[in-house]
Amino acid sequence: QVQLVESGGGLVQAGDSLRLSCAASGLTFSRYSLGWFRQAPGKEREFVAAIAAIGWVVGRTLYGDSVKGRFSISRDNDKNTMYLQMNSLKPEDTAIYYCAAESGPWSVSNNGGEYDYWGQGTQVTVSS
């Protein structure tokens, strides 16, 4: 059974850093592109970052405008784990963060509808 489990969320102050993890099981991890999305209370789901399955593919990573220069996505195919390093956190980063997996390994997408599997999320709260 496919399962994605996020971890690493918590309560931090503005300017602090967090590293989120997404552990996957039940799928061939190296064949899936991966992404992070977030959703704040009362707002729609927002794309955060994505990374392709193949390391040599041009355009391996993609970031949402609001997190460019602050967040960094990475993956370890040997550990079946994806990471989101979040630096210089702002109160507007407060949301539930979800990881997702897409069976297209050649490119990345900011469209949540293209992803096949989703985790249940981890809460990130940034105080001012």
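FYI, the numbering just counts along the sequence from 1.
Formation of a donor-acceptor pair under 3.5 Å by the T122 side chain with backbone atoms of G9 is found in this model. With hydrogens and angles ignored, the 3.5 Å screen pairs a side-chain donor or acceptor of Y115 with a backbone N or O of S109.
Residues E6 and L20 are not in side-chain contact: their nearest non-hydrogen atoms beyond the backbone lie 4.5 Å or more apart. A 4.5 Å side-chain heavy-atom check between M86 and D93 finds every atom pair outside the cut-off. Residues S66 and R38 form a side-chain contact, since some pair of their non-hydrogen atoms from C-beta on lies under 4.5 Å apart.
The side chain to side chain contact (heavy atoms under 4.5 Å, CB included) test applied to Q120 returns no partner, not counting sequence neighbours. F71 is linked by a ring-ring contact (aromatic ring centres under 6.0 Å, His included) to nothing, counting only residues two or more places apart in sequence or in another chain. Y98 meets the ring-ring contact (aromatic ring centres under 6.0 Å, His included) test with no other residue; sequence neighbours excluded. Judged as a ring-ring contact (aromatic ring centres under 6.0 Å, His included), and not counting sequence neighbours, Y83 has no contacts.
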- S33 and E114: CA distance, side-chain angles, deciding distance, side chain to side chain donor-acceptor pair (under 3.5 Å) verdict: CA-CA 10 Å; S33 296; E114 296 185 12; over 6 Å; no
- Task: Take V108 and R60 through the side-chain contact (heavy atoms from CB on, under 4.5 Å) test and state the conclusion after the steps.
- Result: CA-CA 7 Å; V108 295; R60 185 184 182 188; 5.9 Å; no
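Ring-plane geometry between F47 and F37 is classed as perpendicular, the angle between the planes exceeding 60 degrees on a 0 to 90 degree scale with a lower cut at 30.
Here CG of L34 is found 12.5 Å from OG1 of T61. Values are rounded to the nearest 0.5 Å. How far CH2 of W36 is from CD1 of I51: 12.0 Å, rounded to the nearest 0.5 Å. D116 CG to L27 CG: the interatomic distance, rounded to the nearest 0.5 Å, is 9.5 Å. To the nearest 0.5 Å, the span separating CG on N77 from CE on M82 amounts to 11.5 Å.
Contact detail for T94 and A40: the closest heavy-atom pair is O-CB, 3.6 Å. Between S21 and T81 the shortest heavy-atom distance is CB-CG2, 4.3 Å.
A cation-pi contact, defined as under 6.0 Å to the ring centre and within 45° of the axis, links R75 to F29.
By the criterion of side-chain heavy atoms lying less than 4.5 angstrom apart, applied directly or through intervening Ile, Leu, Val, Met, Phe, Trp or Tyr residues, V5 is not grouped with I73; the two fall into different hydrophobic clusters.
Each disulfide bond (SG atoms under 2.5 Å apart) pair with one or both residues in residues 11-52, not counting sequence neighbours, appears once here: C22-C99.
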Show which side-chain atoms of residues 11-18 pair as donor or acceptor with protein atoms under 3.5 Å away, not counting sequence neighbours.
unit_1, atom_1, unit_2, atom_2, d
D16, OD2, Q13, N, 3.2
S17, OG, N87, OD1, 2.9

